[in-house]
Amino acid sequence: MAGSETRITLRAGEPSDAKTCGRICYEAFGAIAREHNFPPDFPSAEAAAELMTMLLSHPRFFSVVAESGGDLVSSNFLDERSTIAGLGPITVDPKVQNRRVGRALMQAALERAAERRHPGVRLLQAAYHTRSLALYTTLAFQPRESIVCMQGAPIRAQLAGHHVRRAVATDLEVCNRVCVAVHGHDRGGELLDAITQGTALVVEYDNRVTGYATDLAFFAHAVGETNGDLMALIGAAQAFGGPGVLVPVRNVALFQWCLARGLRVVQVMTLMTIGLYNEPAGAYLPSVLY
Ligand SMILES: CC(C)(COP(=O)(O)OP(=O)(O)OC[C@H]1O[C@@H](n2cnc3c(N)ncnc32)[C@H](O)[C@@H]1OP(=O)(O)O)[C@@H](O)C(=O)NCCC(=O)NCCS
């Protein structure tokens, strides 16, 4: 049962909130993970604060924070870089959880998405977390599919006929075309950031770009015309960033390929969406954030 409602005021987040938001993010995810005997999503409050600094200073992320009695108690974000907005991470100080703070910040982010006329919103939910699953469902999010977060030693496999290389700015258009073919819309905003940061890879087959990854990481996505494209990208990764790479469970062939190469399942997550959603027409790895 929900506790009594906490009185809060909402405002836009500021870069100077990063340290407090980072501590809350670390503690909120850590508490829920510990409760279920899962590893924490963030290794330290400092690592969470680093992410918060990026989110709070990026011009294409909307942020909202809640204050209660003068203390910052929660933050939430909307990634506005591409057609479909990405929601989260949302975290509420464990001291005031289950008192409708999370609901208020989810509603604020969804109102923002509606104002900005995003045709759809996406998020990834930790499947073991019954509260967030219930909250998002009451907010009208639809579950789309189960995703496994996988971690392990780099596979270092090359796939016959596939060539993986670093992505450059001139790859953007062709990569967006692959994404449109798979998802019905591009994720060019996220990809451009990843190319600029030097983490993006493309895969070529038959002298054509047939897929890309913004990175092979929890905070990164990938699309390919075929599973072979994704295997080549995963096989080229030097490491799997954060808690791990995200693989759709129903893509059994890819999931089996990863398991056979030693990757282990860390946790199961649920891809949830509101508004426009197209069944993927190709291979893909979602991202928690970008
Ligand atoms: C998830 C989180 C953001 C939710 O915020 P919150 O302030 O605790 O949640 P709220 O009180 O606003 O909403 C929870 C709702 O779920 C309901 N609920 C909780 N557990 C439930 C259950 N097991 N079954 C059904 N409903 C449940 C509550 O009754 C409440 O609904 P109500 O407003 O209709 O009463 C917060 O708990 C948190 O920070 N968790 C850790 C980090 C995290 O998991 N973030 C989300 C990543 S996907």
Side-chain angles (χ1 to χ4, degrees), residues 1-10 13 17 20-45 47-49 51-52 55 61-69 71-79 85-113 121-149 218-219 242-244 246 266-274 286-290:
M1 257 187 44
S4 58
E5 202 161 324
T6 294
R7 276 176 182 278
I8 50 167
T9 51
L10 302 187
D17 297 323
T20 311
C21 290
R23 177 190 53 77
I24 292 170
C25 179
Y26 172 67
E27 287 175 3
F29 277 111
I32 189 73
R34 256 194 318 278
E35 212 175 286
H36 294 83
N37 214 11
F38 275 88
D41 286 356
F42 293 92
S44 64
L51 174 66
M52 293 294 142
L55 297 174
F61 276 83
F62 165 79
S63 65
V64 56
V65 302
E67 287 178 332
S68 173
D71 292 330
L72 201 157
V73 293
S74 178
S75 63
N76 195 12
F77 300 88
L78 191 73
D79 182 348
L87 203 157
I90 177 167
T91 47
V92 176
D93 192 320
K95 289 197 282 290
V96 296
Q97 281 181 12
N98 220 18
R99 293 187 208 167
R100 301 228 163 110
V101 177
R103 180 178 292 281
L105 269 79
M106 287 297 290
Q107 277 163 342
L110 289 173
E111 277 162 25
R112 168 74 178 191
V121 180
R122 60 181 288 283
L123 61 77
L124 256 86
Q125 184 267 340
Y128 66 76
H129 193 355
T130 50
R131 189 187 307 154
S132 62
L133 178 63
L135 173 62
Y136 303 159
T137 301
T138 59
L139 289 166
F141 275 92
Q142 306 264 334
R144 294 300 180 181
E145 63 176 309
S146 294
I147 306 288
V148 276
C149 173
F218 199 55
F219 296 104
L246 296 164
V266 179
Q267 64 166 304
V268 181
M269 308 191 79
T270 307
L271 173 67
M272 303 185 86
T273 67
I274 282 184
S287 63
V288 153
L289 197 57
Y290 56 92

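Counting starts at 1 for both ligands and their atoms, in listed order. Counting begins at 1 with the first residue of the sequence. Heavy-atom basis, side chains included; hydrogens, waters and symmetry copies ignored.
Contact annotation for Leu124 and ligand 1: only backbone heavy atoms (N, CA, C, O) come within less than 4.0 Å of the ligand. Counting heavy atoms closer than 4.0 Å to ligand 1, residue Met106 contributes nothing at all. Residue contacts with ligand 1 for Ala134 involve side-chain atoms from C-beta outward but no N, CA, C or O (heavy atoms, distance under 4.0 Å). Only the side chain of Tyr136 comes within 4.0 Å of ligand 1, judged by heavy-atom distances.
The option with the heavy atom closest to atom 8 (O) of ligand 1, from among Thr91, Asn98, Val92, is Asn98. If you check each of His129, Gln107, Arg103 against atom 1 (C) of ligand 1, the one with the closest non-hydrogen atom is His129.
In this structure, the separation between CD on Glu111 and CE on Met106 is 12.0 Å, given to the nearest 0.5 Å.
Counting heavy atoms from C-beta on, the side chains of Glu67 and Val73 never come closer than 4.5 Å. Residues Arg122 and Ser287 have side chains in contact (heavy-atom distance under 4.5 Å, counting atoms from C-beta outward). Side-chain contact between His129 and Phe29: absent, with no pair of heavy atoms (C-beta onward) separated by less than 4.5 Å.
Residue-ligand proximity, Gln125 to ligand 1, at heavy-atom distances under 4.0 Å covers atoms 48 (S). In summary, the atoms of ligand 1 found under 4.0 Å from a heavy atom of Arg100, numbered by their order in the structure, are 10 (P), 11 (O), 12 (O), 32 (P), 33 (O), 34 (O), 35 (O). Listed by atom number, the atoms of ligand 1 under 4.0 Å from Thr130 heavy atoms are 23 (N).
Between Ser132 and ligand 1, not a single N/O pair is under 3.5 Å apart. Considering backbone and side-chain N/O of Ala28, none are found under 3.5 Å from N/O of ligand 1.
Residue contacts with ligand 1 include Val101, since one or more of its heavy atoms lies under 4.0 Å from the ligand.
Closest approach of Asn76 to Gly88, counting heavy atoms only: OD1-CA, 3.6 Å.
By the 4.0 Å N-to-carboxylate-O rule, Arg99 lies too far from Glu5 to be salt-bridged with it.
Within a 6.0 Å sphere centred on CZ of Arg7, other residues, nucleotides and ligands contribute 12 heavy atoms or fewer.
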Throw together a table of side-chain donor-acceptor distances under 3.5 angstrom for residues 138-149, partners on residues two or more places apart or in other chains.
{"residue": "Thr138", "atom": "OG1", "partner": "Arg103", "partner atom": "NH1", "Å": "3.4"}
{"residue": "Thr138", "atom": "OG1", "partner": "Arg103", "partner atom": "NH2", "Å": "3.0"}
{"residue": "Thr138", "atom": "OG1", "partner": "Ala134", "partner atom": "O", "Å": "3.4"}
{"residue": "Thr138", "atom": "OG1", "partner": "Leu135", "partner atom": "O", "Å": "2.7"}
{"residue": "Arg144", "atom": "NE", "partner": "Thr273", "partner atom": "OG1", "Å": "2.8"}
{"residue": "Glu145", "atom": "OE1", "partner": "Arg250", "partner atom": "NE", "Å": "2.8"}
{"residue": "Glu145", "atom": "OE2", "partner": "Arg250", "partner atom": "NH2", "Å": "3.1"}
{"residue": "Glu145", "atom": "OE2", "partner": "Tyr284", "partner atom": "OH", "Å": "2.5"}

